[in-house]
Chemist: 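Here it is, the structure in full.
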Amino acid sequence: MSHGRPGDLILMGPPGVGKGTQARLLVDRNGWVQLATGDIFRDHLRRKTPLGELAASYMYKGSYVPDDVTVGMVRERIAEIPRETRVMFDGFPRTVAQAEALDEILAKQGRAIGRVILLDVPRDELLDRLASRATCSICQAVYSTGHPPKAPGICDRCGGAVVATARPDDSPDVVRKRLEVYSDQTEPVVRFYDARGLVRRVDGVGDVEDVIKRLLEAAA
Ligand code: AP5
Ligand code: MG
Ligand code: ZN
């Protein structure tokens with residue numbers, strides 16, 4: 001990387017692989033910024049903005065929000081992040097068109113992707129995780145049967161109440177569709193970055209802290 005600036009990171013992998021879980025912990029500990037397109041859409045939805053309503057019509061079916069909408073939103077968000085701050089992209093880019101647009105956006109700002117981390121978890125475990133999702137009612141940290149809070153019902157990070165929170169798109173039918181869309185539209189993005197030698201594959205099974213260690217090694 002030129003000028004010693006560490007490149008930005010992309011966290012990739014199918015629904016339920018742990019992108020959000022890992023990204024939140026990593027930004028907390030390293031002063032990075034997480035840019036999670038799914039979280040931004042859900043935030044718009046909570047605030048009932050037109051963008052939120054548009055996004056929901058796709059999310060609830062398990063299909064992707066159109067590229068121009070998603071890219072426009074990311075362009076605005078990146079512009080607010082100081083150039084020295086390392087960005088951890090979570091759930092973006094998800095199509096080759098988004099990846100190409102991201103290159104252009106980053107180049108204009110003197111930024112670049114330094115590493116793409118691909119988390120890997122077997123399909124059966126993905127299905128289990130998404131069927132048992134629980135979330136902190138205060139900080140939105142996520143839990144599941146395989147990753148429960150240390151004290152039952154109490155968030156490890158902030159002490160908030162942990163409540164069962166299947167998302168509307170966690171129903172078995174929609175999860176199946178999300179996995180299908182991932183193979184069709186997002187696996188080509190892995191090949192796009194593989195061709196540049198940027199991808200590191202990381203085993204996403206096991207204790208969250210072990211996954212973080214593997215991830216940090218791969219990101220270095
Ligand atoms: P998005 O919100 O990005 O969802 P996703 O990637 O489909 O899946 P998740 O967020 O469920 O998975 P995750 O990998 O973050 O796992 P998590 O940490 O939560 O996207 C949702 C929708 O928004 C899309 O379908 C699309 O419609 C739209 N969208 C978003 N971005 C878009 C884009 N770029 N373009 C177009 N449309 C876009 O963990 C899952 C569960 O596993 C949790 O319960 C957690 O506690 C548990 N868990 C995590 N780690 C472990 C572990 N090590 N062991 C055991 N359990 C674990
Ligand atoms: Mg997520
Ligand atoms: Zn919390």
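In listed order, ligands and their atoms are each counted from 1. Being a predicted model, the structure only gives us computed values, none of them experimental.
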Chemist: Could you tell me which non-hydrogen atom of Leu179 sits nearest to which non-hydrogen atom of Pro15, and how far apart they are?
Modeler: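 Where Leu179 meets Pro15 most closely, the heavy atoms are CD2-CD, 3.8 Å.
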
Chemist: With a cutoff of 4.0 Å, is Gly13 in contact with ligand 1, counting heavy atoms of the residue only?
Modeler: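 It does not; every heavy atom stays at 4.0 Å or beyond.
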
Chemist: Relative to the Zn ion (ligand 3), how many protein N, O or S atoms have a separation of less than 2.8 Å?
Modeler: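 Excluding waters, the total comes to 4.
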
Chemist: Using a strict 4.0 Å threshold on nitrogen-to-oxygen distance, state whether Asp90 and Arg24 make a salt bridge.
Modeler: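 No, no charged N to carboxylate O under 4.0 Å.
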
Chemist: Should you measure from each heavy atom of Arg133, which atoms of ligand 1 turn up under 4.0 Å away?
Modeler: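 The atoms of ligand 1 under 4.0 Å from a heavy atom of Arg133 are 11 (O), 19 (O), 44 (O).
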
Chemist: Pick one of side chain, backbone, both or neither for how Ser63 approaches ligand 1, counting any non-hydrogen atom pair under 4.0 Å.
Modeler: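 The answer is the backbone of Ser63.
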
Chemist: Relative to the heavy atoms of Thr21, which atoms of ligand 1 are at a distance of less than 4.0 Å?
Modeler: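 Counting atoms of ligand 1 from 1, those under 4.0 Å from Thr21 are 17 (P), 18 (O), 39 (O), 45 (C), 49 (C).
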
Chemist: For ligand 1, indicate whether the residue Tyr143 contacts it via side chain, backbone, both or neither (heavy-atom separation under 4.0 Å).
Modeler: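 The answer is the backbone.
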
Chemist: Heavy-atom contacts under 4.0 Å between Leu130 and ligand 1: side chain, backbone, both, or neither?
Modeler: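 It is the side chain that touches ligand 1; the backbone stays farther off.
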
Chemist: Val33 pairs by side chain to side chain contact (heavy atoms under 4.5 Å, CB included) with which of Val27, Ile81, Ile78, Asp8?
Modeler: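 The passing option is Ile81.
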
Chemist: Once side-chain hydrogen bond (donor to acceptor under 3.5 Å, both in side chains) is applied, what residue pairs with a partner in residues 180-191 remain, sequence neighbours excluded?
Modeler: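 The answer is Tyr64-Thr186.
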
Chemist: Answer with yes or no whether Gly204 contacts ligand 1, where contact means a heavy atom under 4.0 Å from a ligand atom.
Modeler: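 Yes, that is the case, since the closest heavy atom of the residue is under 4.0 Å from the ligand.
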
Chemist: Looking at Arg29 and Glu209, is there a salt bridge between them, counting it only when a charged N and a carboxylate O are closer than 4.0 Å?
Modeler: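 Answer for the salt bridge query: yes.
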
Chemist: Which heavy atom of the protein is the closest neighbour of atom 53 (N) of ligand 1, given with residue, atom name and distance?
Modeler: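 Protein heavy atom with the smallest distance to atom 53 (N) of ligand 1: Gly206 O, 2.8 Å.
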
Chemist: As an exercise, identify every atom of ligand 1 less than 4.0 angstrom from a heavy atom of Arg167.
Modeler: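 By the 4.0 Å cutoff, the relevant atoms are 1 (P), 2 (O), 4 (O), 8 (O), 9 (P), 10 (O), 11 (O), 21 (C).
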
Chemist: So which bit of Phe41 gets within less than 4.0 Å of ligand 1, heavy atoms only: side chain, backbone, both or neither?
Modeler: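 Side chain only.
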
Chemist: Show me which atoms of ligand 1 lie under 4.0 Å from any heavy atom of Gly146.
Modeler: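 It comes down to these atoms of ligand 1: 55 (C).
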
Chemist: Name all residues meeting the ring pair (Phe, Tyr, Trp, His ring centres under 6.0 Å) criterion together with His44; count only those two or more places apart in sequence or in a different chain, and write none if there are none.
Modeler: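 Not a single residue meets the ring pair (Phe, Tyr, Trp, His ring centres under 6.0 Å) criterion with His44.
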
Chemist: Could you check whether Arg201 pairs with Asp194 (Lys NZ or Arg NE/NH1/NH2 to Asp/Glu carboxylate O, under 4.0 Å)?
Modeler: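 A salt bridge is present here (some side-chain N lies under 4.0 Å from a carboxylate O).
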
Chemist: Heavy atom under 4.0 Å from ligand 1: found in Thr70's side chain, backbone, both, or neither?
Modeler: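 The answer is the side chain.
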
Chemist: Salt bridge or not for Lys177 and Asp173, using N-O below 4.0 Å?
Modeler: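 Salt bridge: no.
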
Chemist: Given side chains that start at C-beta, do those of Leu216 and Leu26 come closer than 4.5 Å, heavy atoms only?
Modeler: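 Yes, their side chains come closer than 4.5 Å.
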
Chemist: Which protein heavy atom lies closest to atom 50 (N) of ligand 1, and at what distance to 0.1 Å?
Modeler: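 Of the protein heavy atoms, Arg129 NH1, 3.6 Å lies nearest.
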
Chemist: List the atom of Gly146, the atom of Pro148, and the distance in Å for their closest heavy-atom pair.
Modeler: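 The answer is C-CD, 3.6 Å.
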
Chemist: Below the 3.5 angstrom mark, is there an N/O of Gly16, backbone or side chain, next to an N/O of ligand 1?
Modeler: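 Yes, Gly16 has an N/O under 3.5 Å of an N/O on ligand 1.
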
Chemist: Do Arg94 and Met12 make a side-chain contact, defined as non-hydrogen atoms from C-beta onward lying under 4.5 Å apart?
Modeler: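 Sidechains of Met12 and Arg94: no contact.
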
Chemist: Which atoms of ligand 1 sit under 4.0 Å from any heavy atom of Arg42?
Modeler: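 Selected atoms, number and element: 2 (O), 21 (C).
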
Chemist: Which of the atoms of ligand 1 are close to Arg178, meaning less than 4.0 Å from one of its heavy atoms?
Modeler: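 So the atoms of ligand 1 that pass are 4 (O), 5 (P), 7 (O), 8 (O), 9 (P), 11 (O).
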
Chemist: Mind checking whether Asp207 has an N or O less than 3.5 Å away from an N or O of ligand 1?
Modeler: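 For ligand 1, there is no N or O atom that lies under 3.5 Å from one belonging to Asp207.
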
Chemist: Numbering the atoms of ligand 1 from 1, which are under 4.0 Å from a heavy atom of Gln98?
Modeler: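 Those atoms are 33 (C), 34 (N), 35 (N), 36 (C).
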
Chemist: At what distance is the nearest protein heavy atom to atom 47 (C) of ligand 1, and which residue and atom is it?
Modeler: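 Of the protein heavy atoms, Ser144 OG, 3.3 Å lies nearest.
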
Chemist: Number the atoms of ligand 1 from 1 as they appear, then name those within less than 4.0 Å of a heavy atom of Thr37, with their elements.
Modeler: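 Per the distance check, 30 (C), 31 (N), 32 (C), 33 (C), 34 (N).
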
Chemist: So, using salt bridge (charged side-chain N to carboxylate O under 4.0 Å, His left out) as the criterion, who are the partners of Asp203 when residues are at least two apart?
Modeler: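 Salt bridge (charged side-chain N to carboxylate O under 4.0 Å, His left out) check on Asp203 returns nothing, list empty.
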
Chemist: Between Arg115 and Ala220, what is the shortest heavy-atom contact and its length?
Modeler: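 Taking Arg115 first and Ala220 second, the nearest heavy atoms are NH2-O, 3.5 Å.
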
Chemist: Out of Asp39, Val121, Val65, whose heavy atom is nearest to atom 37 (N) of ligand 1?
Modeler: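 Comparing heavy atoms across Asp39, Val121, Val65, the nearest one to atom 37 (N) of ligand 1 lies in Val65.
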
Chemist: Hey, are Arg178 and Asp170 close enough for a salt bridge, meaning a charged N less than 4.0 Å from a carboxylate O?
Modeler: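 A salt bridge links Arg178 with Asp170.
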
Chemist: Can a donor-acceptor pair be found, under 3.5 Å and without considering hydrogens, that links the side chain of Thr145 to the backbone of Ser132?
Modeler: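 Side chain of Thr145 to backbone of Ser132: no pair is present.
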
Chemist: Side chain, backbone, both or neither: which applies to Gln22 and ligand 1 if a contact is any heavy-atom pair less than 4.0 Å apart?
Modeler: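 For Gln22, there is no contact with ligand 1 at all, from either part.
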
Chemist: Hey, does Gly20 come in under 3.5 Å of ligand 1, counting only N/O atoms on both sides?
Modeler: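 In this structure, Gly20 places an N or O atom under 3.5 Å from an N or O of ligand 1.
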
Chemist: For atom 24 (C) of ligand 1, which protein heavy atom lies nearest, and how many Å away is it?
Modeler: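 Going atom by atom, the protein heavy atom closest to atom 24 (C) of ligand 1 ends up being Arg94 NH2, 4.2 Å.
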
Chemist: Going by an N to O cut-off under 4.0 Å, is there a salt bridge joining Arg133 and Asp128?
Modeler: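 Answer for the salt bridge query: no.
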
